*Asks:* 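Handing you this structure, nothing more for now.
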Amino acid sequence: MEENAQVDRQPETGAGLPGRLLARAFFDAPPQLVAPRLLGKVLAHRTGAGLLAGRIVEAEAYLGPHSDPPDPAAHAHRGPTPRNCVLFGPAGHAYVYTIYGRYFCMNVSCEAEGRAGCVLLRALEPLAGTEVAQMARNRGLAPGDLTAAGLVRQLASGPGRLCQALGLTRRLHNGLDLANPASPLQIRDDGYAVTEVLATARIGIREAVDWPLRFVLPGNRCVSGAKIAIGKRVLL
DNA sequence: AGGCCGATCCTCT
DNA sequence: GAGGATCGGCCTA
């Protein structure tokens, strides 16, 4: 609507980006509340190859060591280390780490400084109008394959795939401020309306496996691990 | 100083 | 459905 006009007046804050930037206050809340609210929002990465962006359709909350009971599956569980120190900083920053020596995973830090809750971004639905072909190349897929049914799902359905598609690495992106209009990596609200969120058990962990801290947009084609479709409704 | 092991993905049966 | 790739970081000694 009027958004285009506003973008033209402030090109440095949102030129070419969909919707509006999420404020830091959005992230300054416990992760089990931030995670479901992040569904439907857009993760946007500005690169030399254009805008790589997708809608968040799956996310997991990891609780900080201050929580009761503490979350034994969280990286911050045993307190700050060189790897996880971003989580103990202010909310709204990217925590990107290496997993299995080959892949990266991206989290969003939550809560005030000193509290290390976070949200793992597990799956995106590629956003129409962005450089989807580049995301496919980043994933080692031929852009032509995208026309085939089911292959959109291969782009960013999974935390490692998500980072690969958007070109996110620990070296370049860990610690970036997601709520800064000058940042190449942002989370934005393009007005997409979420009607229903399901909570399920988290994936790929050994501790606290039955805590219902994984949140999905039910029925979305890009949600990972289709086996775990059962879950409880979440009130937003 | 060294060993262990993952908030994963892909391939093969 | 199972197993291998692959390595930085964290824990223990």
Side-chain angles (χ1 to χ4, degrees), chain A residues 27 30-32 34-36 38-39 43 54 56-65 67 69-88 93-111 115-124 126 135-142 145-146 148 150-175 178 187 198-216 221-229 231:
Chain A
F27 306 102
Q32 64 271 33
V34 176
L38 275 174
L39 299 186
L43 178 64
I56 300 167
V57 300
E58 175 181 351
E60 284 177 354
Y62 287 87
L63 312 184
S67 61
D71 181 355
H75 283 188
H77 177 227
R78 298 168 191 264
T81 69
R83 176 175 68 154
N84 67 22
C85 62
V86 171
L87 297 179
F88 291 84
H93 289 252
Y95 167 51
V96 182
Y97 69 92
T98 312
I99 183 86
Y100 295 104
R102 309 171 66 105
Y103 302 101
F104 298 102
C105 292
M106 178 188 164
N107 295 251
V108 181
S109 68
C110 296
E111 308 180 288
R115 296 186 169 229
C118 65
V119 175
L120 170 70
L121 303 184
R122 286 197 57 92
L124 303 180
M135 296 187 223
R137 282 192 292 275
N138 287 348
R139 290 272 298 120
L141 304 168
D145 290 349
L146 295 176
L151 281 180
V152 167
R153 216 188 83 83
Q154 309 248 325
L155 276 182
S157 64
R161 292 170 168 181
L162 180 159
C163 286
Q164 196 171 43
L166 264 58
L168 304 179
T169 64
R170 169 171 151 86
R171 184 173 66 86
L172 295 177
H173 304 285
N174 185 47
L178 301 167
I187 300 183
L198 292 187
T200 79
R202 294 178 291 187
I203 291 183
I205 57 171
R206 306 182 56 142
E207 308 283 341
V209 289
D210 50 351
W211 294 12
L213 293 177
R214 171 177 175 259
F215 301 91
V216 303
R221 58 180 177 169
C222 291
V223 169
S224 78
K227 322 167 197 172
I228 314 178

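Naming convention: chains lettered A, B, ... in sequence-line order (proteins, then strands); numbering from 1 in each chain. These numbers were taken from a predicted model, which means no experiment stands behind them.
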*Asks:* State the CG-CZ distance between Asn138(A) and Arg161(A), to the nearest 0.5 angstrom.
*Replies:* 14.5 Å
*Asks:* Please report the closest heavy-atom contact between Asn84(A) and Ala76(A), naming both atoms and the distance.
*Replies:*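 Heavy atoms only, the tightest pair is ND2-CA, 3.7 Å.
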*Asks:* Atom NE2 of His75(A) to atom C1' of dC11(C): distance rounded to whole Å?
*Replies:* 15 Å
*Asks:* Once you round it to whole Å, what is the distance between P of dC9(B) and CG of Leu155(A)?
*Replies:*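 About 13 Å, once rounded to whole Å.
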*Asks:* State which of dG9(C), dC10(B), dT8(B) makes the closest approach to the side chain of Arg83(A).
*Replies:* dG9(C)
*Asks:* Can you check the distance between dG2(B) and dT6(C), where both ends of the measurement are the P atom (answer in whole Å)?
*Replies:*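 Between the two P atoms, the distance is 23 Å.
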*Asks:* Nearest to the side chain of Tyr97(A) - dA7(B), dC10(C), dG9(C)?
*Replies:* dA7(B)
*Asks:* To check you understand the geometry: which heavy-atom pair defines the closest contact between Glu58(A) and Ser224(A), and what is its length?
*Replies:* OE1-N, 2.7 Å
*Asks:* At 4.0 Å (heavy atoms only), tell me whether Gly101(A) reaches a base, stays on the sugar-phosphate, or touches nothing.
*Replies:* base
*Asks:* Given Cys222(A), which of Val152(A), Leu162(A), Leu124(A) fulfils the side-chain contact (heavy atoms from CB on, under 4.5 Å) condition?
*Replies:* Val152(A)
*Asks:* Using whole Å, what does the distance between atom P of nucleotide dC5(B) and atom NE2 of His77(A) come to?
*Replies:*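 So the NE2-P distance, His77(A) to dC5(B), works out to 18 Å.
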*Asks:* Between dC9(B) atom C1' and Arg153(A) atom CZ, what is the distance in whole Å?
*Replies:* 12 Å
*Asks:* Roughly, in whole Å, what's the span from CD1 in Ile99(A) to C1' in dC4(B)?
*Replies:* 14 Å
*Asks:* Do you know which two heavy atoms are closest between Gly231(A) and Leu198(A), and how far apart they sit?
*Replies:* O-CD2, 4.0 Å
*Asks:* For dG9(C), take OP1 and OP2 only and decide whether either is under 4.0 Å from a side-chain N or O of Thr81(A).
*Replies:* no
*Asks:* Among the candidates dC11(C), dA7(B), dC10(C), find the nucleotide nearest to the side-chain atoms of Leu120(A).
*Replies:* dA7(B)
*Asks:* Roughly, in whole Å, what's the span from CZ in Arg202(A) to P in dG6(B)?
*Replies:*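 One finds 15 Å between P of dG6(B) and CZ of Arg202(A), rounded.
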*Asks:* For dG6(B), does OP1 or OP2 lie under 4.0 Å from any side-chain N or O of Arg206(A)?
*Replies:*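 Yes, within the criterion.
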*Asks:* Identify which one of Leu213(A), Leu120(A), Val209(A), Asp210(A) satisfies the side-chain contact (heavy atoms from CB on, under 4.5 Å) criterion when paired with Arg202(A).
*Replies:*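 Among Leu213(A), Leu120(A), Val209(A), Asp210(A), the one that satisfies the side-chain contact (heavy atoms from CB on, under 4.5 Å) with Arg202(A) is Leu213(A).
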*Asks:* Which one, dA7(B), dC10(C), dT6(C), comes nearest to the side chain of Arg102(A)?
*Replies:* dT6(C)
*Asks:* May I ask you to verify if any side-chain N or O of Arg78(A) is less than 4.0 angstrom from the OP1 or OP2 atom of dG9(C)?
*Replies:*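 No, outside the criterion.
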*Asks:* For Arg214(A) and dT8(B), give me the distance from atom CZ to atom P, rounded to whole Å.
*Replies:*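 Atom-to-atom, Arg214(A) to dT8(B), this comes out as 11 Å.
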*Asks:* Which residue lies toward the 5' end of DNA chain B, Arg139(A) or Tyr62(A), if each is placed at its nearest nucleotide?
*Replies:*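 The answer here is Tyr62(A).
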*Asks:* May I ask which nucleotide in the shown strands pairs with dA2(C), Watson-Crick or G-U wobble, both distances under 3.5 Å?
*Replies:* dT11(B)
*Asks:* Check whether the aromatic ring of Tyr103(A) stacks on the base of dT8(B), taking stacking as ring centres less than 5.5 Å apart and planes within 30° of each other.
*Replies:* no
*Asks:* Starting at CE of Met106(A) and ending at C1' of dA7(B), how long is that distance when rounded to a whole Å?
*Replies:*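 In whole Å, dA7(B) C1' and Met106(A) CE are 14 Å from each other.
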*Asks:* dC10(B), dG6(B), dA7(B): which one has an atom nearest the side-chain heavy atoms of Tyr100(A)?
*Replies:*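 So the side chain of Tyr100(A) is nearest to dG6(B).
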